[in-house]
Amino acid sequence: MKRESEFMIRALELAARGLGHTRPNPAVGAVVVKGGRIVGEGWHRKAGKDHAEVAAIKDAARRAQKVVGRTSRTSGTSRTDSRFLGGSTLYVTLEPCSKPGRVGACTDAIIAAGIKRVVYAIPDPNPKNRGKAKRALAKAGVKCERLMDSEVGYVASSLVAPFAKHVATGLPYVTVKIAMSLDGKICDDSGAARWISSAHARRFTGGLRERVDAIMVGGETIRRDNPSLLSHGKANPDLVRVVVSRSGKLPKSAQVFTDGAPNRTLVFDDARKAIKELGRMGITHVLCEGGLKLARSLAEDGLVDQWIAVVAPKVIGSRPVNAALCGEFASYAPSRLGDDVILNAIFGG
């Protein structure tokens, strides 16, 4: 069981590479194992491209062909793959699809490759597809079973949570991220809110932007801060920017309209309307990052699935952010108290 969990953990690591790029599909990873070692790896990179299972099978076939001194010239899997992969096991983070969509059914590719066992982390969230892979594979003599590991299952479920919500409701999964000071402020009295949090926190935010489909802010954030929203590090080329402004009065010179990616910026006059339309477009995960008013509006409509609060070691009070108390700390550590978190920050020096 431990070794199987290790193979699945690798598949989960691969799946995470697809986050923010696969909409409306889920992020999925897979590895092919033969003789106790991984011989092929793959993940779903984009809708319309190979699913993770097929990508892993192709990778395994390419590796095997190199070993025997051949170069693969085929674009898809074929029955010749069974010469290299016969008797192998496929570990995949999500139950394989058994119905052809924009690409062929993964169960067909698995059977053609000669794989004899499939292990998946979690079942398909779509009730129309759940359980069908096992039946389709069983007819071809391929064993299919779920890996019963709670930690693996938790991570796998987290990876596909946006997809699961979209399948069930037609709406995207909404994460609200707010940076605040120790005294609960997100800006000073003049409205200045930039760089409350540290450079480390901004890199964390950049990581969030890489893994979602869309980032949403309020119109006041655009007018006040003129952010790009694309990244705090490696940009996500598939990221859609969304601005919610009741007045629609936004500066045409704003970065979101002038930085070379204007077609990726959408403007709505209502948050709920925006969420519904984004879901219709196939957007599965939205990160709301700008504006307490916008975050409150989403929460009041019951649209928020996840809250992330970045608490900066600063006390803003009624002073400007750049004059806030933010010295060195003698100690700074969170601790759990029932359902609450105690943040004990002691200023020193």
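The backbone N or O of V240 sits nowhere less than 3.5 Å from a side-chain atom of D213 that would complete a donor-acceptor pair. Distance alone, capped at 3.5 Å, places no donor-acceptor pair between the S98 side chain and the A136 backbone. Put simply, the side chain of R209 never gets that close to the backbone of L287: no donor and acceptor are under 3.5 Å apart. A donor-acceptor pair is defined here as one N or O able to donate and one able to accept, closer than 3.5 Å; no such pair exists between the side chain of N25 and the backbone of A47. Between the Q255 side chain and the N226 main chain, a donor and an acceptor come within less than 3.5 Å of each other.
Here E289 contributes atom CD and L208 contributes atom CG; the two are 7.5 Å apart, rounded to the nearest 0.5 Å. Separating the NE2 atom in H166 from the CZ atom in R280 is a distance of 10.0 Å, to the nearest 0.5 Å. Here C288 contributes atom SG and I275 contributes atom CD1; the two are 8.0 Å apart, rounded to the nearest 0.5 Å. With rounding to the nearest 0.5 Å, the separation of CG in L239 from OG1 in T265 is 9.0 Å. For the atom pair CD1 of I38 and OG of S88, the computed distance is 12.5 Å after rounding to the nearest 0.5 Å. Separating the OG1 atom in T93 from the CG atom in L147 is a distance of 11.5 Å, to the nearest 0.5 Å.
By the ring-ring contact (aromatic ring centres under 6.0 Å, His included) test, F163 is found to be paired with no residue, residues two or more places apart in sequence or in another chain being considered. Partners of A121 under the side-chain contact (heavy atoms from CB on, under 4.5 Å) rule, at least two apart in sequence or in another chain, are M8, V152, A156. Among residues two or more places apart in sequence or in another chain, the side-chain contact (heavy atoms from CB on, under 4.5 Å) test is passed with E145 by R117, V119, K143. By the ring-ring contact (aromatic ring centres under 6.0 Å, His included) test, H44 is found to be paired with H51, residues two or more places apart in sequence or in another chain being considered. When the salt bridge (Lys or Arg N to Asp or Glu O under 4.0 Å) test is applied to K273, the partners found at least two apart in sequence or on another chain are D269. For R246, the salt bridge (Lys or Arg N to Asp or Glu O under 4.0 Å) criterion is met by D270, not counting sequence neighbours. Taking the ring-ring contact (aromatic ring centres under 6.0 Å, His included) definition, one finds that Y120 meets it with nothing, sequence neighbours left out.
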Next item on the list: Take S228 and R241 through the test side chain to side chain contact (heavy atoms under 4.5 Å, CB included) and record every step on the way to the result.
Entry: CA-CA 9 Å; S228 166; R241 295 171 292 185; 4.2 Å; yes
Margin query: Evaluate M281 against L266 for side chain to side chain contact (heavy atoms under 4.5 Å, CB included), listing each step before the verdict.
Written below: CA-CA 12 Å; M281 293 169 56; L266 305 175; 3.7 Å; yes
Next item on the list: Using the side chain to side chain contact (heavy atoms under 4.5 Å, CB included) rule, take R272 and L303 through it: C-alpha gap first, then chi angles, then the decisive distance, then the call.
Entry: CA-CA 8 Å; R272 187 174 185 83; L303 296 172; 4.0 Å; yes
Next item on the list: Test V242 against V286 for side chain to side chain contact (heavy atoms under 4.5 Å, CB included), laying out the working first.
Entry: CA-CA 9 Å; V242 180; V286 176; 5.9 Å; no
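Between E220 and K293 there is no salt bridge, since no side-chain nitrogen of the basic residue lies less than 4.0 Å from a carboxylate oxygen of the acidic one.
Listed by first and then second residue, the side chain to side chain donor-acceptor pair (under 3.5 Å) pairs that reach into residues 296-306 are K165-D305, T175-Q306, sequence neighbours excluded. Applying the ring-ring contact (aromatic ring centres under 6.0 Å, His included) definition to pairs two or more places apart or across chains, those involving residues 266-305 are Y173-H285. Listed by first and then second residue, the salt bridge (charged side-chain N to carboxylate O under 4.0 Å, His left out) pairs that reach into residues 123-133 come to none, sequence neighbours excluded. Annotation: salt bridge (charged side-chain N to carboxylate O under 4.0 Å, His left out) contacts involving residues 247-258, sequence neighbours excluded, are absent.
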Report, one line per pair, each donor and acceptor closer than 3.5 Å where one atom sits in a side chain of residues 12-21; sequence neighbours left out.
unit_1	atom_1	unit_2	atom_2	d
E13	OE1	R10	NH1	3.2
H21	ND1	N236	OD1	3.4
H21	ND1	D238	OD2	2.7

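By the 4.5 Å heavy-atom criterion applied to side chains, P227 and T221 are counted as neighbours. Side-chain atoms of V174 and M216, non-hydrogen and from C-beta on, never get closer than 4.5 Å to each other. V118 is not listed as a side-chain neighbour of E53, based on a closest heavy-atom distance of 4.5 Å or more.
Taking both residues in full, the closest heavy atoms of V243 and G219 are given as CG1-CA, 3.9 Å, listed atom of the first, atom of the second, then distance. What you find for S5 and D149 is that their closest heavy atoms are OG-OD2, 2.7 Å. For the pair R223 and L250, the tightest heavy-atom approach, listed with the atom from each and the gap, is NH1-CD2, 3.6 Å. Considering every non-hydrogen atom in both A30 and A56, the closest pair reads O-CB, 3.7 Å. Closest non-hydrogen pair, T284 versus P162, comes out as O-CB, 3.2 Å. In this structure, T258 and S253 approach most closely via the heavy-atom pair OG1-O, 3.5 Å.
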